[in-house]
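Every chain is numbered from 1, with letters handed out A, B, ... down the list of sequences.
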Amino acid sequence: MITKVLVANRGEIACRILRACREAGIQTVAVCAPNDQGTLFTEMADELVVLDGDTIATTYLDQEQIIQAALSTGSDAIHPGFGFLSERAPFARSVKQSGIIWIGPSPEAIEQMGDKMTARQTMRNAGVPVIPGEEVESEDEHEALAALVEASERVGYPLLLKASSGGGGKGMRAVYDPSDFLQSAEGARREAVAAFGDGRIYIERLLNGSKHIEIQILADRHGRTVHLGERECSVQRRHQKVFEEAPGPTMTAELREAMGQAAIQAAQAVSYEGAGTVEFLLAPSGEFFFLEMNTRIQVEHPVTELVTGTDIVREQLRIASGQPMSCGDLNIRGHAIEVRLYAEDAANNFLPSIGPLAVFRPPEGPGIRLDAGVREGDEVTPNYDPMLAKLIVWAPSREEALQRMRRALDDFVILGTTTNVRFLRELCDAQPIVDGTTTTTTIDEHWPNGWTPTPAPLLEDASLLAAAAGETMGMHRTTTASLDGESQGLPSPFSTLNRRYP
Amino acid sequence: MITKVLVANRGEIACRILRACREAGIQTVAVCAPNDQGTLFTEMADELVVLDGDTIATTYLDQEQIIQAALSTGSDAIHPGFGFLSERAPFARSVKQSGIIWIGPSPEAIEQMGDKMTARQTMRNAGVPVIPGEEVESEDEHEALAALVEASERVGYPLLLKASSGGGGKGMRAVYDPSDFLQSAEGARREAVAAFGDGRIYIERLLNGSKHIEIQILADRHGRTVHLGERECSVQRRHQKVFEEAPGPTMTAELREAMGQAAIQAAQAVSYEGAGTVEFLLAPSGEFFFLEMNTRIQVEHPVTELVTGTDIVREQLRIASGQPMSCGDLNIRGHAIEVRLYAEDAANNFLPSIGPLAVFRPPEGPGIRLDAGVREGDEVTPNYDPMLAKLIVWAPSREEALQRMRRALDDFVILGTTTNVRFLRELCDAQPIVDGTTTTTTIDEHWPNGWTPTPAPLLEDASLLAAAAGETMGMHRTTTASLDGESQGLPSPFSTLNRRYP
Amino acid sequence: MMQHQFSSSDGPIEVTLTRTDSGYSLAGHTLESTGDGRLKIRLSNGRIAYAHVAKAGDVWWVHLAGQTYRWERIEPGSSSSQNEGGLVAPMPGKVLDVLVKTGQEVQAGTPLMVLEAMKMEHRIVAAKDGVVTAIHFEAGDQVTQGAVLLELDE
Amino acid sequence: MMQHQFSSSDGPIEVTLTRTDSGYSLAGHTLESTGDGRLKIRLSNGRIAYAHVAKAGDVWWVHLAGQTYRWERIEPGSSSSQNEGGLVAPMPGKVLDVLVKTGQEVQAGTPLMVLEAMKMEHRIVAAKDGVVTAIHFEAGDQVTQGAVLLELDE
């Protein structure tokens, strides 16, 4: 049995896991980098270990330090969340060797799936369809590029370059014309080396007009491997998912069963344990192809939880404890949509933004879930990923879920930092979203010249009135009482901002 | 089709309905008493009509004024919520006669079910079991009491006195000993006259050790009448529900089907349309008896929504528009619990309390829903019902739902007004709640001398430290900037309180 | 009359608020404070909307009916706005002294008025040569931020 | 040293806070401000908890680890606490003047000290006859609310 979990992550996923542990009666330990002290997740754990270091590499990626933190706090399990060390097989191995339960699949399964080439081979052997493509491996940049050019001719255009050990869009390039190939390949390789310390590049045929469909898997040690249906995550900007839903709007029961069985085969081929996701491309023809398997919990897991009535984090805890999973037969009900709230300027090519969350008021009401890692008063810094929160809605039908998402986004108030909330709101009105005909290129096609907000002159005028009145009324200034005679800030949305007067 | 709904209610249920309409793309009109101006629900509607009057009778119960508000705003439908005018057949009739859609059952159905005696007769004719009992009707108090004494001998002890046109525990008395009968009967009659202008009293056999089980019904004009399973609402203090759950922890599929069919018969017997609830007592023997039918949406509807995946308010709107309901076959999944958050002093016989909601921070996280009618900064006044909000959780199992509810209640911060939040939290640890063996007398049996909080000396000391430090640091004082030279309060949880210094 | 300048991509926007009984108005929209940090706006089309506002640095952030606007304020004391004619109060405060008279010729740098605010004295200084054409306040008056103190013609 | 009195069903509770580097301590618990209106408390058992506090009227409301406490404060200036020996500052402020000396005999009503706070002067007055046994501050000192200003023996 697990009695104390160390969560080796930060932000919203750390909050999600810490809450689940607390509800399960499991003690918790959070670890944080010094610059994360005082953020939301650090307050949710029973104990906090502040890691020693000032970069991600020396804190959240410092395997040794995190294992030491687990040992010194008497933690009997580590949950890695997603990103960071979640798919590092050597870390999983070290955790187990230290006598600590690893909440995730075996290091061998991570290795087999973590490497795109090995994963493809494993899948082909298991009878799961894969996209035409090949991998190029070479230490020497010049050799690697030459080999990539050769391979590109065999794979054919349009094609996609991907870092073999990549993820999150890093080291990824779409190439439509052979004349662009060399420059793109150089860029992809550079990013891959920088981000993952691994220059291997995988080339695959780009299946335009396809949907990104992924199947959630759960497998326990009692012989049960099940799928929890699909998520459609086609809507991406710069290869980053932004709008995810379940079930897939064009999915049929037959296709779900076929893809679900393929995903179960994929999991069983590597003796998978715990929660994982098998990603597929679904071509307009109805054929589907294995993309990769994510051997961890995924950002968009809430949509699956809401439509299947499961708690994937609780299942992870059960499975890692050696218990059978608790979920019953697949039972998909209603429709769930998740949007990712980023601190970014959607009108300016999605450039990340920073600033204070001077006001942060999420929407309220039935069927709304917010998985946030921040709260009002926090500062958005350039240190970490710009994802602030995930807003998820559930409703009996897709149409009602979209209506609810529109209402929720209209009600979401975030001031002090530029976010993509208005972009997400207008996305909900885009025809392919309304129709459910989204593909991985929907955003680029819908806004070929980039997104800019639809003007609303009446509201713009009224907002000037509000700004000018706020200034006139001095709504940004407050002077406060003293702590032992010293001037000291009091809680107010405004007092944490700045004071313009000397 | 409905295009504009007037919500003839206030507080959390008004918020619930207004949000549903907004998501459905329906315009909304709120009505409010002058002393409700500026409260949450009044801001959620597209239009607001401030009623003229300073009592409930001259505002929320003023049928003429509300119909006029609907006509003058061009509303084509009225949603009455619960309480107030929701079960007044003459109002429903006037609404329809004014050419406005009444979102509820026909006036005839309200009449047949609104009178407990008629309802019992109707149910008996429809083959639905009813509890032994009889009604006493007399204008003259002396005659009425004599008749009640006679009837009490036929019904037998213990027995329950109820106002025939009552609800909400008013005019209700349990009598265990014949020597207490006369005093109780006088009290019940007095309350019934005062609250409902109707002194008719109904006596029925008190079935101790029984569970209060109610079945949610939906019926449309397209020939479909369905039940959405049961809610167990046994846990009551002074005949007020406080803890409600679905499904019933001891329910079986067979019993659910039997009770569901009885409820459908009850609804069909009065040609019911819309959402309604048929209440039963479930005796330890497994026999169940009709109690009454509530011909409106109910406070505890969210637990049914969460386990069945329906949106009852949206279904009400559909049905009243003449559309078929959208919900499919009954599909109960997971477990939902609702607790009612009252402004009351649970340690002092549940006396209502008033004060500012200086801090009001609901819990966050997956599976938590809050249906609130208030927000931070509001003042709890003695003008209306002391229910502030309903906290509802869902989880895959009852055990996980209870765990989640405990966590949610621990995290719920309300300062400035005494609430029952700690009582609810300790209720979650009471053995009958943990075991699911609650009956209508659980609270009285579990806390025979009334509830007092379990002491926590360590936290008590630490809270004194916090209070003293707060005082020392002056956390309650803030001076603020000026509006045109006048001193003016700025938004701060503390500035709305008082300033002790001249 | 309260003037504020905000920058936009089309150049500076001058906003002149009109005081109403309970708040301010602009372009047919009227506004009042709700007392809880929001602003209640009656839009020119009759609809009511509630604005959340916050200032971070020089930027006013406004959330209104699902839209979020950023308005960077141009300081009234800065050269760009001081040349517009009216000299506006850089903060709310009290007029301590008026140092010039209507009709008086002043040179750039001439002190015109002394304002007390935030427990400090601030001198309002002419940014250019000109003639004082109007003085709207006298010593002892309270002024709002953005209030036009006096007017200067070239 | 900061003293406060709160009422409880068992009679008044006297709370004497100890100042620490970053906050206050009491009975093995230590506390510091988080800067967002909450108080971070390290309980004597080593656990960390975050308290929300608010004052309504004379009552401090404290939410801590799922418990809500109400503590009604007894005003330091009220007769019940002024007889306890120490005279405590009724609010944070600055000592303007000390009107007595150690050893001096005073009568009920004798002004002892002048405090400036909230832009007003407040005279600290002896509530009973006695002898000044200690004076803890001199003119110009800043004092916290609850700080013991001077001590009086009967």
Side-chain angles (χ1 to χ4, degrees), chain B residues 345 353 355-361 363 376 379 406-422 424-426 428 453-479 492-494 496-502, chain D residues 2-6 8 13 15-17 19 23-33 37-39 41-45 47 49-73 75-76 90-92 117-120 122 144-147:
Chain B
D345 189 353
S353 55
L357 295 172
V359 176
F360 187 83
R361 304 278 164 90
E376 192 163 290
E379 190 80 22
R406 290 190 190 104
R407 204 267 294 163
L409 288 167
D410 276 341
D411 284 355
F412 209 141
V413 183
I414 306 168
L415 303 182
T417 300
T418 301
T419 73
N420 64 340
V421 67
R422 186 70 206 164
L424 296 170
R425 173 63 188 83
E426 294 193 8
C428 291
T454 306
L458 198 77
L459 293 174
E460 190 170 313
D461 272 6
S463 78
L464 271 170
L465 167 60
E471 184 73 31
T472 298
M473 293 193 276
M475 290 182 72
H476 54 305
R477 275 170 292 111
T478 176
T479 59
S492 150
F494 307 104
T496 52
L497 306 183
N498 78 335
R499 295 171 62 170
R500 287 182 305 111
Y501 301 108
Chain D
M2 268 67 58
Q3 282 183 354
H4 298 284
Q5 273 200 348
F6 297 97
S8 84
I13 302 179
V15 176
T16 305
L17 295 186
R19 191 83 169 86
Y24 299 94
S25 72
L26 177 75
H29 311 298
T30 58
L31 168 151
E32 55 187 85
S33 174
R38 295 172 308 147
L39 298 168
I41 300 181
R42 182 179 294 274
L43 298 170
S44 56
N45 65 8
R47 305 305 256 184
Y50 291 84
H52 289 78
V53 298
K55 194 174 190 184
D58 281 337
V59 175
W60 276 98
W61 295 76
V62 180
H63 181 274
L64 184 64
Q67 305 276 350
T68 306
Y69 295 96
R70 304 171 78 250
W71 295 112
E72 188 175 353
R73 185 157 175 273
E75 287 297 312
M91 67 207 77
M118 313 290 282
K119 292 187 184 153
M120 284 180 297
H122 306 266
T144 337
Q145 180 157 9

Looking only at non-hydrogen atoms, find the nearest pair between [X] and [Y] and report the distance.
X        : Y        : result
D/Ile41  : B/Ala462 : CD1-O, 3.8 Å
D/Ala54  : B/Val359 : CB-CG2, 4.0 Å
D/Leu31  : B/Ala469 : CD2-CB, 3.6 Å
B/Ala456 : D/Gln67  : CB-NE2, 4.0 Å
D/Val62  : B/Ser463 : CG2-O, 3.6 Å
D/Trp71  : B/Glu460 : CZ2-CG, 3.6 Å

Find out whether [X] and [Y] are in side-chain contact, i.e. whether some heavy atom of one side chain is under 4.5 Å from a heavy atom of the other.
X        : Y        : answer
D/Tyr24  : B/Met473 : yes
B/Ile414 : D/Thr68  : no
D/Ser44  : B/Leu458 : yes
B/Thr418 : D/Arg70  : yes
D/Leu17  : B/Leu465 : yes
D/Trp60  : B/Met475 : yes
B/Glu471 : D/Lys55  : yes

Please flag which part of [X] lies under 4.5 Å from any non-hydrogen atom of chain B: side chain, backbone, both or neither.
X       : result
D/Leu43 : side chain
D/Ala65 : both
D/Leu64 : both

For the candidates B/Arg422, B/Arg407, B/Arg406, which exhibits the highest count of non-hydrogen atom pairs separated by less than 4.5 Å from chain D?
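Of B/Arg422, B/Arg407, B/Arg406, B/Arg422 has the most heavy-atom pairs under 4.5 Å with chain D.
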Would you say B/Arg425's side chain and D/Gly66's backbone share a donor-acceptor pair under 3.5 angstrom?
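Not confirmed, B/Arg425 side chain does not pair with D/Gly66 backbone.
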Do side-chain atoms of D/His29 reach the backbone of B/Leu459 as a donor and acceptor pair under 3.5 angstrom?
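Answer holds: no.
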At what distance, to the nearest 0.5 angstrom, does CD1 of D/Ile13 lie from CG of B/Leu464?
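Between atom CD1 of D/Ile13 and atom CG of B/Leu464 there are 5.0 Å.
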